[in-house]
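What's counted below: heavy atoms across the whole structure, side chains too, no hydrogens, waters or symmetry copies. As the structure lists them, so they are numbered: ligands from 1, and atoms in each ligand from 1. Here the structure is a predicted model, which is why all the values come from computation and not from measurement. Along the sequence shown, residues are numbered consecutively beginning with 1.
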Amino acid sequence: MEKGTISFSPPDISELEITEVCEALRSGWITTGPRTKLLERRLAAYVETGRTDIDCDLPKNVSKYSNRVACLNSATAAEELNLRILGVGPGDEVIVPAYTYTASASAAIHCGATVKFVDIQKDGDPVTHCPEMDYDALEAAITSKTKAIIPVDLGGIVCDYDRIFSIVEKKKELFIPIESDGSPLGDLSSRIQQAIGRVAVVADCAHSLGASRVFNGEKKYCGAIADFTSFSFHAVKNFTTAEGGASTWLSIDGVDDAEIYKMFQLLSLHGQNKDALAKTKIGAWEYDIIGPWYKCNMTDIMAAIGLRQLDRYLGLLERRAVMMKKYDAVCDELGISHMIHHTDNMDSSNHLYLIRIPGITVEQRNEIIEKMAEQGVATNVHYKPLPMMSAYGKDCSEYPNSYDYYHNLITLPFHTLLSDEDVDYVCFCLKEALKEFNG
Ligand SMILES: Cc1ncc(COP(=O)(O)O)c(C=O)c1O
């Protein structure tokens, strides 16, 4: 076969996104404004219904789907604000799987909390093979200091939230909600912790926009399962706004969604009680600063990309599903383990294609990656476990299942700009690399 050039995960941007960005640029409003607000409503409608075609400009849908999504400039910011709204801070513990990207843990560290890593199940979940937390270890890790758990829907596969919620309910007795310190944020956090009354489930759904799972006996989309959720719209994700992300949350008894939404606005915009749009109203220049907070709002240029991506998103997911079947068939033929993205009770967003090659060492895995790169095929590794990284102590000895999962893992290129021929070429190069390696 002729040598190809297969990128790992370039963004799929059509003329629709380009036109919408140009319109945003010409509109005279380029920072957070009408496009960001519309994207928030449409994402809220999507995570509640699975539909991307609900007209959220209609007055009735504006009120119905407006409050429980806040668009921001990254998933990292979304997770950090989720934790800050929950009142997570110094002295608190946050449980994170050892097998994830740094942002799942660093957002908690930014808040001053201590991260407690939990190993994954040996070879991942028995059905999906996804590197999900060892739920017995999770249960054992919860103490009276634990304030949040960050499950990660790796590659788009939705974690077992029924199990996670049953664990936090079971450990309810240990939970000590914070008292209000009298500040607007401290008061809100205290009311949220009192109302939830247990460790909060703060999902890292950076990979899983559009994925769903039967939860409490009902099909639910990511964003409508955990207490708080963060999504990533980074350039390599299924759905992109170049950089970007969003927070969603479930309604909390006795706490108004609008109040939580307002707190996201304050935290993401310097604690300023009027955004740029509100200040344009005649005579409305004066504002207050409620807290010395952060700057991580989404711009209308980013939202313009997102609005048109959302129009195309169900089609993009379908294309991913078709390509995935091809990879599955080849891996099954070669005896290579891969994640199962669809089961009776779960549909992944088909974000990443992870394979594990039996019987090889880390060095041999790296050799295969190099051989594929020589043939023009970019691959990757999701992930080197966090405890192996310098920032987290470079010691994975307490997380043997994470190390084992990582040591023979390769992530194949997987995106919607791949043609059927490209997918065949990747499979051909994989077979060749394995053949040479075996020979
Ligand atoms: C699992 C996971 N969580 C969080 C993030 C952070 O996303 P962002 O770059 O939008 O902050 C990423 C990014 O790749 C990720 O893979």
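- Formation of a donor-acceptor pair under 3.5 Å by the S348 side chain with backbone atoms of G156 is found in this model.
- For atom 11 (O) of ligand 1, the nearest protein heavy atom (residue, atom name, distance) is T76 OG1, 2.4 Å.
- Between Y99 and Y405, the ring-plane angle classifies as perpendicular under the 30° and 60° cut-offs.
- Between the side chains of T411 and N380, no donor-acceptor pair of N or O atoms lies under 3.5 Å.
- With respect to the salt-bridge test (charged N to carboxylate O, under 4.0 angstrom), the residues R163 and D136 qualify.
- A cation-pi arrangement is present between K147 and F175 under the rule of less than 6.0 angstrom and at most 45 degrees off the ring axis.
- Side-chain rings of F231 and F239 stay apart, their centers remaining 6.0 Å or farther from each other.
- Between Y383 and ligand 1, at least one pair of N/O atoms sits closer than 3.5 Å.
- Closest to atom 14 (O) of ligand 1 among all protein heavy atoms lies K237 NZ, 2.7 Å.
- Salt bridge absent: K64 and E48 never bring a charged side-chain N and a carboxylate O closer than 4.0 Å.
- Here D204 has side-chain heavy atoms under 4.0 Å from ligand 1, and that is the only part of it that gets that close.
- With ring centers used as reference points, Y261 lies 6.0 Å or more from F264.
- Taking the six-membered ring for Trp and the full ring otherwise, the centers of F8 and H382 sit less than 6.0 Å from each other.
- Put simply, no part of A77 is less than 4.0 Å from ligand 1, judged by heavy atoms.
- The closest protein non-hydrogen atom to atom 10 (O) of ligand 1 is S232 OG, 2.7 Å.
- Listed by atom number, the atoms of ligand 1 under 4.0 Å from A103 heavy atoms are 4 (C), 5 (C), 6 (C).
- Short contacts between ligand 1 and G244, defined as distances under 4.0 Å to a heavy atom of the residue, involve ligand atoms 10 (O).
- Considering backbone and side-chain atoms alike, Y101 places every N or O at 3.5 Å or more from each N or O of ligand 1.
- Contact annotation: for E79 versus ligand 1, there are no heavy atoms closer than 4.0 Å.
- With a 4.0 Å heavy-atom cut-off, ligand 1 is reached by the backbone of S74 and by its side chain too.
- Within ligand 1, counting atoms from 1 as listed, the ones closer than 4.0 Å to a heavy atom of A75 are 6 (C), 7 (O), 8 (P), 10 (O), 11 (O).
- When non-hydrogen atoms are compared, ligand 1 lies under 4.0 Å from neither the backbone nor the side chain of Y99.
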